[in-house]
There are 2 protein chains.
Amino acid sequence: MDDLSQGQGFMLSETARLKERFKEYLASEGLKYTRQRKVIADVFFKEGEGHRSLNELLATAQVEYASMGYATVYRTMKLMTDSGVALEHKFADTGLTLYEPNLEGDHHDHIICLTCGRIVEFEDEGIEERQEVVAKTYGFKVRKHRHEIYADCIKPVCEFRH
Amino acid sequence: MDDLSQGQGFMLSETARLKERFKEYLASEGLKYTRQRKVIADVFFKEGEGHRSLNELLATAQVEYASMGYATVYRTMKLMTDSGVALEHKFADTGLTLYEPNLEGDHHDHIICLTCGRIVEFEDEGIEERQEVVAKTYGFKVRKHRHEIYADCIKPVCEFRH
DNA sequence: CTTCTTGCAAAATTTTTGCATTACA
DNA sequence: TGTAATGCAAAAATTTTGCAAGAAG
């Protein structure tokens, strides 16, 4: 009984909270929570899924809603990004934009495995702090940043090689 | 008399050295140092120029070589990147690839001004070190990285606003 | 001379938009 | 019932490639 949110007497998962925030955002903008948007949100906020492209999201969404179009997923993910519940990443190797749920209090950066493409998240308070100092030194205020480490697995053979 | 390179009795600037290395790379691969490649190298390694797109490089190159084609600049910059004398950057805001001379011993990352688009270079040993530690912790060896800080000028009005 | 390079134009990728139709609220 | 959303297809924006003609070594 450690996370009774909204005083409603039941627990909302992190991702369920993001889905709620998305619905509230739509309402506040006079936009509609359509069947398609619900399916896309369900797919996107299904836990345990990491960084996915529009085509991956589309394919999964079409399982539940066969006529789903690419443009709908595209525009919905843009709305999610605008509302702050999703983050866009353009990694250097793929050339594709990947989307990730913007979990609260979970800021992190990424290590991209050059062997298998796997994406590992990391967080380092020391780097964050120095970054603020560096920006200030040059007369800037940090708004956002992108820090990606492209790396090889240390093990003799990458255990995730595909 | 502090930098007599190649034992030739005259000084080569940093960028002239990169141009030499590019010529050596071409020779070692059995490729040719054509008039076009020379013009592009001259333009690209002209000092004091920072991060430029293919179209900017093309426009400048055409001043000296009117019939220069985009594809030639594209392929030449790829050769420069492969040979290590140029670095490619795809910043998050532009969607364009920018090229920069890979000056020796001058590793740095970038602060991108969200107000005027200006790109400022920074280097921070502390961040570099922590990055190595972080990667090792997760079982990786750093090959390259990308660290970009998107920021606003602290002054009331950005002095570089355009 | 032979191989590599050029410049054009076309292909490939990925993102973005226009518009007639459909569906929310 | 009016405004917003959808899905298609076409447009944009950028990168990449094929190929015939021309240049380099």
Side-chain angles (χ1 to χ4, degrees), chain A residues 22-44 51-83 86-99, chain B residues 22-44 51-83 86-99:
Chain A
F22 180 52
K23 287 167 71 172
E24 287 162 18
Y25 171 82
L26 292 177
S28 75
E29 298 283 316
L31 305 177
K32 292 163 184 171
Y33 190 61
T34 60
R35 169 109 195 265
Q36 285 95 329
R37 287 178 183 167
K38 174 176 177 0
V39 169
I40 294 166
D42 286 346
V43 163
F44 181 61
H51 304 77
R52 278 165 302 163
S53 66
L54 287 177
N55 279 325
E56 288 166 345
L57 290 167
L58 173 63
T60 311
Q62 284 177 331
V63 174
E64 285 198 35
Y65 197 106
S67 68
M68 179 80 67
Y70 178 93
T72 300
V73 180
Y74 168 77
R75 284 185 275 229
T76 299
M77 293 316 296
K78 181 157 294 257
L79 287 172
M80 289 203 200
T81 302
D82 291 346
S83 67
L87 295 174
E88 277 185 350
H89 297 292
K90 287 177 204 270
F91 294 116
D93 49 348
T94 72
L96 268 183
T97 300
L98 304 184
Y99 295 85
Chain B
F22 180 51
K23 287 167 71 171
E24 287 162 18
Y25 171 82
L26 292 177
S28 74
E29 298 282 317
L31 305 177
K32 293 162 184 171
Y33 190 59
T34 61
R35 169 108 197 268
Q36 286 93 330
R37 287 177 184 167
K38 176 177 175 359
V39 168
I40 294 166
D42 287 345
V43 162
F44 181 61
H51 304 77
R52 277 165 303 163
S53 66
L54 288 176
N55 279 324
E56 287 166 346
L57 291 167
L58 173 63
T60 311
Q62 285 178 329
V63 173
E64 284 197 36
Y65 197 105
S67 68
M68 180 80 67
Y70 178 93
T72 300
V73 180
Y74 167 78
R75 285 185 275 227
T76 299
M77 292 316 298
K78 180 158 295 253
L79 287 171
M80 289 204 199
T81 303
D82 290 347
S83 67
L87 296 174
E88 277 185 350
H89 297 291
K90 287 178 206 268
F91 295 115
D93 50 348
T94 75
L96 269 182
T97 300
L98 303 184
Y99 296 85

Check your understanding: Just how far, in rounded Å, is P of dA23(C) from CE of M68(A)?
Key -> 14 Å
Practice item. Report yes if a side-chain nitrogen or oxygen of Y70(B) is closer than 4.0 Å to either non-bridging phosphate oxygen (OP1 or OP2) of dT15(D); otherwise report no. Key: yes
Point to revise | Check against side-chain contact (heavy atoms from CB on, under 4.5 Å), L54(A) and M77(A) | key: CA-CA 8 Å; L54(A) 287 177; M77(A) 293 316 296; 3.8 Å; yes
Practice item. Decide yes or no on side-chain contact (heavy atoms from CB on, under 4.5 Å) for H51(A) and H89(A), but give the supporting numbers first. Key: CA-CA 8 Å; H51(A) 304 77; H89(A) 297 292; 3.9 Å; yes
Check your understanding: Hey, is the side chain of T34(A) poking within less than 4.0 Å of OP1 or OP2 on dA5(D), counting only N and O atoms?
Key -> no
**Study point:** Separation of atom CG in N55(B) from atom C1' in dA12(D), rounded to whole Å
**Key:** 14 Å
Check your understanding: To the nearest angstrom, how far is R75(A) atom CZ from dA23(C) atom P?
Key -> 16 Å
**Study point:** Rounded distance (Å) that lies between atom C1' of dT16(D) and atom CG of L54(B)
**Key:** 11 Å
Practice item. Could you pick out which residue, Y74(B) or R35(B), lies toward the 5' side of DNA chain D when each is mapped onto its nearest nucleotide? Key: Y74(B)
Review point. What is the distance from atom CD1 of I40(A) to atom CG of L79(A), rounded to the nearest 0.5 Å?
Key: 9.5 Å
Review point. Base, sugar-phosphate alone, or nothing: which one does R37(A) contact when heavy atoms must sit under 4.0 Å apart?
Key: sugar-phosphate
Check your understanding: Do M80(A) and Y99(A) pass the side-chain contact (heavy atoms from CB on, under 4.5 Å) test, and can you show the C-alpha distance, the side-chain angles, and the key distance before you say yes or no?
Key -> CA-CA 10 Å; M80(A) 289 203 200; Y99(A) 295 85; over 6 Å; no
Exercise for review: Check the distance between dG7(C)'s C1' and L58(B)'s CG and give it to me in whole angstrom.
Suggested key: 11 Å
Exercise for review: Measure the distance from CD on Q36(B) to C1' on dC8(C) and round it to the nearest whole Å.
Suggested key: 14 Å
Check your understanding: Between dT15(D) atom C1' and L98(B) atom CG, what is the distance in whole Å?
Key -> 14 Å
Study note, to complete from the structure: With the side chain defined as heavy atoms from C-beta on, K32(B) is closest, among dA23(C), dA24(D), dT6(C), to dA24(D)
Check your understanding: Is K78(B) salt-bridged to D82(B), going by a charged N under 4.0 Å from an acidic O?
Key -> no
Check your understanding: Where the side chain of R37(A) meets the backbone of T76(A), is there a donor-acceptor pair that is under 3.5 Å apart?
Key -> no
Study note, to complete from the structure: To the nearest angstrom, the NZ-C1' distance between K90(B) and dT13(C) comes to 11 Å
Exercise for review: Note the angle between the end axes of the helix from dC1(C)-dG25(D) to dA25(C)-dT1(D), five pairs defining each, rounded to 10 degrees.
Suggested key: 30°
Review point. Pick the nucleotide of DNA chain D nearest each of L96(B) and Y65(B); which residue has the one closer to the 5' end?
Key: L96(B)
Check your understanding: Between L31(B) and E88(A), which is nearer to the 5' end of DNA chain C once each is assigned its nearest nucleotide?
Key -> L31(B)
Point to revise | Non-hydrogen atoms of Q36(A) and M68(A) that approach each other most closely | key: O-CE, 3.7 Å
Review point. Are any of T97(A)'s side-chain N or O atoms less than 4.0 Å away from OP1 or OP2 of dT14(C)?
Key: no
Review point. Which residue lies toward the 5' end of DNA chain C, A71(B) or Y33(A), if each is placed at its nearest nucleotide?
Key: A71(B)
